[in-house]
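Below, chains carry the letters A, B, ... as their sequence lines are ordered, and counting in each starts from 1.
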Amino acid sequence: MGRCFKTWLILVLAIAVPSCCWASASLVQRAVFQAVWQEINANYYDTDFGGKDWEAIGERYRKRLSAIEGPTAFDQMMTEMLRELGDSHFSIVSPVFNELIPNVWEGGETGMDLSVVGNRVIVHRVHLGGAAELAGVQAGHELVSVGGERVWDLRKRISESVVYNNRIHYYLMEVVENRFFGAPGDKVSFCLKAARLTSAKKLTLKLQTYRGRMSSQLGNLEESPMVLESRSLGSNIHYLRFDLWFPSLMEEMRSVIRSMDRDSHGLIIDIRGNPGGIGLMATGLAGMLVENEYEMGRMRLRQGHLNYNVYPQSGAFLGPLAILVDGTSISTSEIFAADMQETGRARLFGSRTAGAALPSVLKKLPNNYYLQMAIADYVTSRGNRIEKSGVTPDEVVALSTSKLRQGEDSVIDAARKWILRQSD
Amino acid sequence: MVRFLSLWAMVAFTGGGTTVLYGEIEPAAQKIFASYAEFLGGVDAFEEIDTARLKMSMEMPGLGMNMERTVTFKAPDKVYMDVYIQGYGKMRQGFDGENGWAIDPIQGRRPLMGRELDQLKDETNFREGLYLADKYSSARVVRKREDGLTTIECINADNGLLEMLYFEEPIGLLRRSDYTEDMGPQGSVPVSVRFDVYEKVGDIRLPVETSADMMGTSVRAVITSFEPNVEVDDSIFKLPE
């Protein structure tokens, strides 16, 4: 009878939920505090808690509870406590986010994609006919402020919180993008600079109705917009980009890869800005890129382990493969990239990933908030951890703003040139 | 990738044994195993079931996930299972007596080979459940718990791992099982299962409500229907074209 639970075992560990960071207030703080502390105490993947005394940590924060006034202070305290563990994928998620992420997505679309370059937020892509294009936004321009808040100040506030340095890019994107959330028809004002030394120009865009793909609800993971872009880059090179590892995309990815010409020069998979999703998908996509079965990595649980196994699938593409990553490639994206690099199957381009690759689940708390909790450590088949260190590309290539202004993506370009050299 | 379990294996989860660590199945343990087999309906009742279709709902309240599972069996070893999870899709797995296969949204369609196939074949051995002594290499009654349950410590003959079974005597009703879920190439995880409700279906009994704890998460499984000796089209056991 017990063995009928295998399906869940696999699925639970398959969910490397996109990393969240922000805690929030609660009216039943003591209950939430105890539930969170107890969950971690009972289920943290390392019984030694990484050498930390979780009992003592709990006691210390429990004493502070009585002096806590207001939800913001409680948020801050809970975040601090979770950060004591030193891991990604520990957070409290509530329906009401704190002031750094105040808005809820209401179906409005800007028609542009942002990226972080250095410490700056840059317009990476502008969608044809979208709200951003209509407002005069151009790729390569720097976002200086949005809704009256300077990007520099937002970054400073994130830095002053307890976020780890290597994840600041990811959270900066979250915080900035959140300021563009709204309903279709809502207007958002912001300032852009064409180049570093030019003056900023104020623009206002009217959010359009989002008509793209949505992920479906999976357990406590709510529906969310997602993108899958597939196109030819010429020279018989194919480009595939997606921004969430979600099962409903898998069949289309399979079709894209199977439909590639047998004499294709190469494939570029772009997972920059992809925060993760269903961890098992990393093995599914890898199965379309290899011809032999192998173990991608291992999740070390508090007791026992689960493996990520790759099974080759029919119609796999076995030619040159380039994978694009950056500081906002997180979780499943890192697991996939690390494996493709480690096995020598792919060459990685871009910048180092965030180093937040622990499989986690979302658990409901007594007040309907959620605790995101890592339930396993992850190591690659060669025993390497990705957590904290991230994945460093074989070719570190910065996203060039000047190239973006010329309609080119310097990271794609580097990958493209490498693929062409392979076929010489 | 995802492995499922037949009704037969479900009934069998506590298997019996031969000889390894503790030497043998103690008579006291053997007696409880026999009582349990009798409680389930006995060998004759199961032998009369040539085909069956079982439907089960499973939920993980903490994670907000639900799953619907249908399993179709045909003696002696054919099995077909499909599982649907909202947001994830439908997974299918089958064994036609010769070839095992799996189709799921992530891994696509593929044959099951090596240890994975062996596991699937094992799971289609519906008689295993009634011969508990065949599953364990040793079993011994270790103590009576405060809650009245009798504990039997067993060593799984296939993987050498320890399993603890908790029986309600004298009827030999299995109430709980603590073991390591050995999933072969996919790893192994400790699981604790409680058998909350048994119900009689025809001449046999099934644990219709079960709950489990694993990796800090609770799972509840309910058998919603069981149809013995249904008409089954053999083609469902083969990998679809």
Side-chain angles (χ1 to χ4, degrees), chain A residues 1-15 39-40 42-45 215-221 223 246-248 250-251 254 278 280-281 283-285 287-288 293 295 298-299 301-315 361-364 370 373 375-376, chain B residues 1-6 9-14 56 58 60-67 69 71 83 85-89 91 102 104-110 113-114 116 123 129 174 177 179-181 183 185-193 195 206-207 210 212 214-217 219 221:
Chain A
M1 181 65 194
R3 293 163 76 192
C4 70
F5 296 106
K6 276 182 189 172
T7 307
W8 287 123
L9 285 171
I10 299 293
L11 277 172
V12 168
L13 269 288
I15 302 170
E39 271 293 349
I40 293 169
N43 299 311
Y44 188 67
Y45 62 85
S215 68
S216 48
Q217 182 163 355
L218 176 54
N220 289 333
L221 287 175
E223 287 181 302
F246 207 80
S248 57
M250 196 66 232
E251 191 52 45
R254 217 176 265 130
I278 303 302
L280 207 56
M281 274 194 71
T283 66
L285 183 55
M288 289 303 300
E293 184 177 328
E295 183 183 312
R298 175 167 292 198
M299 294 184 221
L301 302 157
R302 188 176 185 125
Q303 291 177 293
H305 68 276
L306 285 177
N307 298 331
Y308 270 13
N309 296 326
V310 176
Y311 301 99
Q313 296 178 41
S314 64
V361 295
L362 286 175
K363 286 191 154 189
K364 213 167 197 172
Y370 292 97
M373 182 177 75
I375 54 171
Chain B
M1 177 70 204
V2 178
R3 189 165 297 106
F4 311 112
L5 185 61
S6 71
M10 280 165 46
V11 176
F13 56 100
T14 52
M56 176 183 274
M58 300 176 79
M60 297 179 93
L63 303 184
M65 294 182 77
N66 294 288
M67 174 171 95
R69 190 170 75 130
V71 188
V83 175
I85 298 174
Q86 175 69 37
Y88 189 89
M91 296 168 281
D104 74 66
I106 305 281
Q107 307 284 2
R109 48 191 292 142
R110 64 193 180 89
M113 294 179 288
E116 275 198 298
E123 290 170 6
L174 184 68
S177 171
Y179 63 100
T180 297
E181 182 71 79
M183 296 175 291
Q186 279 136 17
S188 62
V189 174
V191 179
S192 179
V193 185
F195 306 96
L206 297 173
T210 313
M214 53 190 192
M215 302 180 306
T217 303
V219 184

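With a 4.5 Å cut-off on non-hydrogen atoms, A:Gln303 touches chain B through its backbone and its side chain both. A:Phe246 touches chain B through its side chain: at least one heavy atom from C-beta onward sits under 4.5 Å away, while N, CA, C and O do not. Residue contact with chain A, scored on non-hydrogen atoms closer than 4.5 Å, is absent for B:Thr180.
If you take CD on B:Gln107 and CG on A:Leu280, they are separated by 5.5 Å, rounding to the nearest 0.5 Å. Atom OG of residue A:Ser314 and atom CZ of residue B:Arg110 lie 12.5 Å apart, to the nearest 0.5 angstrom. Taken to the nearest 0.5 Å, the OH atom of A:Tyr311 stands 10.0 Å off from the CG atom of B:Asp104. Interatomic distance, CD of A:Glu39 versus OG1 of B:Thr217, reported as 7.5 Å (0.5 Å rounding). Atom-to-atom distance recorded for A:Ile375:CD1 and B:Met214:CE is 9.5 Å, nearest 0.5 angstrom.
In this model, no donor atom of one side chain and acceptor atom of the other lie less than 3.5 Å apart for B:Gln86 and A:Ser216.
Nearest heavy-atom pair across A:Met281 and B:Ile106 is CG-CD1, 3.2 Å.
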Between A:Leu218 and B:Ile85, is a side-chain contact (heavy atoms from CB on, under 4.5 Å) present by the stated rule, with each step listed? CA-CA 8 Å; A:Leu218 176 54; B:Ile85 298 174; 4.0 Å; yes
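Partners of A:Glu251 by side-chain hydrogen bond (donor to acceptor under 3.5 Å, both in side chains), not counting sequence neighbours, listed by chain and number: A:Arg254.
Note: A:Gly219 leads A:Gly284, A:Gly304, A:Gly219 in heavy-atom pairs under 4.5 Å with chain B.
Using modelled atom types, no side-chain atom of B:Gln186 and backbone atom of A:Leu306 make a donor-acceptor pair closer than 3.5 Å.
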